[in-house]
Amino acid sequence: MDINQNFNVLWLTGMSGSGKSTLASYLAEFLINHGYKTRIIDGDDVREKDEKKLRFGYEDVLKNNLRIAEFCLDLKNENFDIVIVPVISPYNEVRKKVQALLNPFLHLIYIKSDINSLKDRDTKGLYAASDRGEIVDLIGYSDENPYDEPNDPSIVINTCNNTTLGESKNKLLEYVKDYVIIDV
């Protein structure tokens, strides 16, 4: 089987509402338009395929994230150039296991935002539901389910209210041009 030697996984980690999916969609469109065989793997899509509904505790997050990493490797064998994974991936220990599976192809991209910005955006209504007590384990917002900031991401993209979407897109694209695709 012909294995693609230019394979890369862009693993976008950050809290719910930080902009992972928005940035992933923007980047995928750019890459596809420039001739790169690109795929987005959304964590929720993978999670929904499980017969037993996965929750958001450590063991289920580990299972989901490792399944995503294995799927990335399957796509490598299908000659994809770039796989973009917008997933919360909240635990450093889980990210280390993902990194062990995906090195040297992994680029860990931390999409960082503060709680106030996340609550202002709250496109899924999760933070409001958590404030009402309807969600008790919202990752990074509840005491039961912390979000560990990555120890050593490839890059940090700030998406707080004081940063425009255009600035975040540009920073991500510059990183990708410098360290991933280089020839655009």
Side-chain angles (χ1 to χ4, degrees), residues 9-29 39-69 71-72 83-99 106-173 175:
V9 175
L10 305 175
W11 193 279
L12 281 62
T13 179
M15 289 178 48
S16 181
S18 62
K20 298 177 303 297
S21 295
T22 299
L23 291 171
S25 295
Y26 162 75
L27 187 58
E29 182 179 343
R39 171 89 182 260
I40 294 175
I41 301 175
D42 186 277
D44 289 337
D45 292 341
V46 173
R47 179 179 297 280
E48 294 303 317
K49 292 181 181 181
D50 209 324
E51 287 179 24
K52 178 185 169 224
K53 179 98 167 115
L54 294 176
R55 304 283 306 155
F56 295 95
Y58 180 87
E59 290 301 321
D60 284 354
V61 168
L62 174 63
K63 182 177 183 179
N64 191 50
N65 283 203
L66 291 178
R67 183 180 294 141
I68 292 168
F71 187 41
C72 289
V83 178
I84 306 168
V85 181
V87 61
I88 294 173
S89 193
Y91 307 111
N92 277 319
E93 287 302 313
V94 171
R95 290 191 294 260
K96 285 180 188 173
K97 291 176 187 212
V98 166
Q99 188 171 21
L106 181 69
H107 299 262
L108 182 64
I109 300 170
Y110 177 27
I111 309 301
K112 181 177 183 168
S113 194
D114 61 73
I115 290 295
N116 289 333
S117 299
L118 296 172
K119 288 177 78 172
D120 286 347
R121 281 194 287 269
D122 202 11
T123 55
K124 297 179 183 178
L126 300 175
Y127 295 96
S130 184
D131 286 343
R132 290 190 303 270
E134 297 166 11
I135 298 175
V136 296
D137 60 351
L138 183 59
I139 294 174
Y141 195 60
S142 69
D143 292 335
E144 300 88 32
N145 226 352
Y147 178 88
D148 301 334
E149 287 197 12
N151 294 329
D152 55 354
S154 304
I155 186 172
V156 177
I157 309 285
N158 184 335
T159 62
C160 295
N161 285 341
N162 61 347
T163 305
T164 68
L165 179 57
E167 290 169 327
S168 298
K169 287 178 177 178
N170 288 339
K171 187 170 182 179
L172 178 59
L173 187 56
Y175 173 83

Exercise. Any side-chain heavy-atom pair from Lys112 and Thr159 closer than 4.5 angstrom?
Worked result: no
Exercise. With a 4.5 Å heavy-atom cut-off, do Val85 and Leu12 have their side chains touching?
Worked result: no
Exercise. How far apart are the closest heavy atoms of Pro150 and Pro153, and which atoms are they?
Worked result: O-CD, 3.7 Å
For this session: Using a 4.5 Å cut-off on heavy atoms from C-beta on, say whether the side chain of Ser117 contacts that of Arg121.
Result: yes
For this session: Can you see which heavy atom on Pro146 is nearest to which on Tyr91, and at what distance?
Result: O-CE2, 3.8 Å
Problem set entry | Asn162 CG: over 12 foreign heavy atoms closer than 6.0 Å | yes
Distance-only donor-acceptor hits, side chain of residues 16-24, under 3.5 Å, sequence neighbours excluded:
from, atom 1, to, atom 2, distance (Å)
Ser18, OG, Met15, O, 2.8
Lys20, NZ, Gly14, O, 3.1
Lys20, NZ, Met15, O, 2.9

Problem set entry | Heavy-atom pair with the smallest gap, counting every atom of Leu172 and Ile109 | CD1-CD1, 3.8 Å
For this session: Please name the pair of heavy atoms, one in Thr163 and one in Ser168, separated by the smallest distance, quoted to 0.1 Å.
Result: CG2-OG, 3.6 Å
Exercise. Asn161 and Asn116: side-chain donor and acceptor closer than 3.5 Å?
Worked result: no
Exercise. OH/Tyr26 to CG/Leu165 distance, rounded to the nearest 0.5 angstrom?
Worked result: 9.0 Å
For this session: Evaluate the side-chain proximity of Trp11 to Gln99: yes if any heavy-atom separation is below 4.5 Å, no if none is.
Result: no
For this session: Please assess Asn65 against Val87 for the test side chain to side chain contact (heavy atoms under 4.5 Å, CB included), listing each intermediate value before the final yes or no.
Result: CA-CA 8 Å; Asn65 283 203; Val87 61; 3.9 Å; yes
Problem set entry | side chain to side chain donor-acceptor pair (under 3.5 Å) involving Tyr147 - partner list, sequence neighbours excluded | Thr13
Exercise. Going through the checks in order, is the side chain to side chain donor-acceptor pair (under 3.5 Å) test met by Asp137 and Ser142?
Worked result: CA-CA 5 Å; Asp137 60 351; Ser142 69; over 6 Å; no
Exercise. Less than 4.5 Å apart, any side-chain heavy atom of Asp131 and any of Tyr141?
Worked result: yes
Problem set entry | Minimum side-chain heavy-atom gap Ile135-Leu138 below 4.5 Å | yes
Exercise. Which residue pairs pass the salt bridge (Lys or Arg N to Asp or Glu O under 4.0 Å) test when at least one of the two sits in residues 85-99, sequence neighbours left out?
Worked result: Glu93-Lys96
For this session: Report the C-alpha separation of Tyr127 and Arg132 in whole Å, then their side-chain angles, then the decisive distance to 0.1 Å, and conclude whether the side chain to side chain contact (heavy atoms under 4.5 Å, CB included) test is met.
Result: CA-CA 9 Å; Tyr127 295 96; Arg132 290 190 303 270; over 6 Å; no
Problem set entry | Minimum heavy-atom distance between Glu167 and Thr164, given as atom pair plus value | OE1-N, 2.8 Å
Exercise. How far does NZ of Lys171 sit from CG of Asn158, to the nearest 0.5 angstrom?
Worked result: 7.5 Å
Exercise. Just by distance, do the side chain of Asp114 and the backbone of Cys160 share a donor-acceptor pair under 3.5 Å?
Worked result: no
Problem set entry | Student check: side-chain heavy atoms of Pro86 and Asp42 closer than 4.5 Å | yes
For this session: Would you indicate whether the side-chain heavy atoms of Ile40 and Ser25 approach each other to under 4.5 Å?
Result: yes
Seminar exercise, completed: Rounded to the nearest 0.5 angstrom, the CG-CG distance for Leu106 and Leu10 is 8.5 Å
Exercise. Say you draw a straight line from CG of Asn145 to OG of Ser130; how long is it, rounded to the nearest 0.5 Å?
Worked result: 10.5 Å
Seminar exercise, completed: Rounded to the nearest 0.5 angstrom, the CD1-CG distance for Ile115 and Asp120 is 11.0 Å
Problem set entry | CG-CG distance between Asn151 and Asn92, expressed to the nearest 0.5 angstrom | 4.0 Å
